[in-house]
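A short worksheet on the structure shown next.
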Amino acid sequence: MRIPMKLKADHLPGGPEEISYPPEALGQSLALVDCNNFYASCERVFNPKLNGQPIVVLSSNDACIIALSNEAKEFDIKVGEPLFEKRQIIEKNNIVMCSSNFNLYGDMSRRVMDLLSGFISDIEIYSIDEAFLNFSGCANLDKGKDITEYARTIRQTILKCTGIPVSIGLARTKTLTKIASKLAKKSKKAGGVLNLIDSPYLDKALEKIHVVDVWGVGIKSARKLIEKGIRNALQLKEASDSRIRHTMGINGLRLVYELRGISCHSLDNCPRPKKGILCSQSFGRKVTDIAELKQAITAFVANAAERLRKQKSAARHLTVFMLTGFSEDKQVEKNQSVSIKLPTATNLSSELIRQAMKAVEKIYQNGQSYKRAGVRFDELVPSEQTQISLFEQSDSDKTSRLMETVDRLNDKLGSGALRYGTQGAMHPWKAKSEMVSPRYTTCWDELAEVLAN
DNA sequence: TCTGGGGTCCTAGGACCC
DNA sequence: TCTGGGGTCCTAGGACCC
């Protein structure tokens, strides 16, 4: 099931009536299941003493507030605010502070998602605490069972089995389910489930939603919209196509169609590998020593490379970035970065670290202090297709040793696991190097060893 | 040497999401 | 003193080719 509209960036339709939609664009029954205050709820599952108490969950270095329980939301605290600004309120009101524990949250998330998959097979896990479900064609609902009741059953099951409270919004498009779940969370009457599918109250619901709370509208776009008199989701839904296209681009137009019940974002139920992998961290203090920076970057590269190998990818491109932190006048951070096109795609830590160190040396300025740094791998390719240039043709001794290794590994892994050959036929200008294409990442280390000798 | 236009690829930066 | 750590997609502009 693909996106029904050819709403490409270069295509500006005159209006929805000019396009014919396949039935699934208009008639889907979707749900968003959203865990309430997820991190705070997880902390409560493992420490029931926290039930009923106001809680905030803090980021690494305990620098920022990244989640709040309902009780904590009563105070003047918002997600994303730095702790030092709110410390007084927190201490005065005996709000409990928890340092974040992402292993725990990931584990709880898996439990919730497993339960959901048991109810509905067509599911997209959208984030650590959210999943979209597609009820269209769901066998359990064929016998006229009420979809709202079914959603309540799901909700109760999750709560009973995991201890995590969730809200469920039902609607025709993803954007509308987001709104439904938001309202379900707020309304006491809804009991955690709100169904806006073909609802006569849909427009009333949209009117209650401020534009900045619409999925896909950030602070920048919201400001522009408000300037034009568009304050709520209903006004956004009724705005003219050309106006939206002009102020918010193609994504804005997709979003408005979704508000009108025309699905532009289909369910993505087959998780694709990441297109880029990054690892970065704030130091929590100023770092000026290049040795210390190198040590940190080495750790980041090792972490990111592991994730790279886990999804069976290799990177062709590497970027190291270092930020100086906020300047005295609270203006922007200075972001310095160096990108390196790798000679061949790789997911080998040793090679990636070597390249990253070169980048650090390029960026580093004596006397400059850095507050944050990171590394990013881009242009990822499946590692089965990865080719590494292993040796020069002239080095016949190394060649024969390598061929022996390849044969041995093929014996171990099954023939064809690795192959070797020259690239010369395809790319005459590279005729000097020979290539080996490992199809199994487990071979990397052994190959690397041969290379090193 | 001058002139034009169309097309593609790459990159940096912006905006948004959780 | 103290401002998280991941991601995705789109766009504009420059370089380059024909």
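Naming convention: chains lettered A, B, ... in sequence-line order (proteins, then strands); numbering from 1 in each chain.
Considering only side-chain N and O atoms, Arg272(A) lies nowhere under 4.0 angstrom from the phosphate OP1 or OP2 of dG7(C). Between dG7(C) and Arg376(A), no contact under 4.0 Å exists linking OP1 or OP2 to a side-chain N or O. Using a 4.0 Å cut-off, some side-chain N or O of Lys371(A) falls inside it from OP1 or OP2 of dC2(C). Residue Ser282(A) places no side-chain N or O under 4.0 Å from the OP1 or OP2 atom of dT3(C). Taking 4.0 angstrom as the limit, Lys274(A) places none of its side-chain polar atoms (N or O) nearer than this to OP1 or OP2 of dT8(C). Look at Arg245(A) and you'll find a side-chain N or O under 4.0 angstrom from OP1 or OP2 of dT11(C).
Within the 4.0 angstrom heavy-atom criterion, no nucleotide atom of any strand lies near Leu58(A). Among the atoms of the strands shown, none is found under 4.0 Å from any heavy atom of Glu81(A). Within the nucleic acid shown, Lys178(A) comes within 4.0 Å of sugar-phosphate atoms alone, with no base atom in reach, counting heavy atoms only. Among the protein residues, Phe102(A) comes within range of no part of the nucleic acid, since none of its heavy atoms lies under 4.0 Å from any strand. Val214(A) comes within contact range of the sugar-phosphate backbone alone, with a heavy-atom separation under 4.0 Å but no base atom that close. Within the nucleic acid shown, Ile277(A) comes within 4.0 Å of sugar-phosphate atoms alone, with no base atom in reach, counting heavy atoms only.
Annotation: of the two residues near DNA chain C, Asn251(A) and Cys279(A), the 5′-most nearest-nucleotide partner is Cys279(A). For Gly276(A) and Arg285(A), each mapped to the nucleotide of DNA chain C holding its nearest heavy atom, the one lying further toward the 5' end belongs to Arg285(A).
If you check dG4(C), dC2(C), dG6(C) against the side chain of Ser60(A), the one that comes closest is dG4(C). In this structure, the nucleotide among dG7(C), dC18(B), dG4(C) sitting nearest to the side chain of Ile66(A) is dG4(C). In this structure, the nucleotide among dC10(C), dC17(B), dA15(B) sitting nearest to the side chain of Lys220(A) is dA15(B). Comparing dC16(B), dC18(B), dG6(C) against the side chain of Ser280(A) picks out dG6(C) as the nearest. For Cys64(A), whose side chain is taken as the heavy atoms from C-beta onward, the closest listed nucleotide among dG4(C), dC2(C), dG6(C) is dG4(C). Here dC16(B) is the nucleotide among dC18(B), dG7(C), dC16(B) with the atom lying nearest to any side-chain atom of Ser221(A). Of the listed nucleotides (dT11(C), dG6(C), dC18(B)), dC18(B) has the atom at the smallest distance from the side chain of Asp129(A). When each of dT11(B), dG5(C), dG4(C) is scored by its nearest atom to the side-chain atoms of Gln281(A), the top-ranked nucleotide is dG5(C). With distances taken from any side-chain atom of Trp215(A) to the nucleotides dC18(B), dT3(C), dT8(C), the minimum falls on dC18(B). Side-chain proximity of Phe84(A) to dT11(B), dT8(C), dC2(C): nearest is dC2(C).
Remark: Lys208(A) NZ is loosely packed, at most 12 non-hydrogen atoms of other residues, nucleotides or ligands lying under 6.0 Å away.
Taking the six-membered ring where tryptophan is involved, the planes of Phe300(A) and Phe283(A) are essentially parallel, since the angle between them stays under 30° and well short of 60°. Ring geometry, Phe132(A) versus Trp215(A): the interplanar angle falls from 30° to 60°, so the pair is classed tilted.
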Stepwise salt bridge (charged side-chain N to carboxylate O under 4.0 Å, His left out) check, Asp107(A) with Arg110(A): CA-CA 5 Å; Asp107(A) 196 52; Arg110(A) 263 188 299 280; 3.8 Å; yes
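The distance from atom NZ of Lys78(A) to atom C1' of dC18(B) is 19 Å, rounded to the nearest whole Å.
In a base pair of the Watson-Crick type (N1 to N3 plus N6-O4 or O6-N4) or a G-U wobble (N1-O2 and O6-N3), with each distance short of 3.5 Å, dC18(B) is matched with dG5(C). For dG13(B), the paired nucleotide is dC10(C), the pair qualifying as Watson-Crick or G-U wobble because both relevant distances are below 3.5 Å.
Using a 4.0 Å cut-off between a side-chain N of Lys or Arg and a carboxylate O of Asp or Glu, Lys178(A) and Asp213(A) do not qualify as a salt bridge. A salt bridge is absent between Lys224(A) and Glu227(A); no separation between the charged side-chain nitrogens and carboxylate oxygens falls under 4.0 Å.
Atom CD1 of Ile90(A) and atom CD1 of Ile95(A) lie 5.5 Å apart (nearest 0.5 Å).
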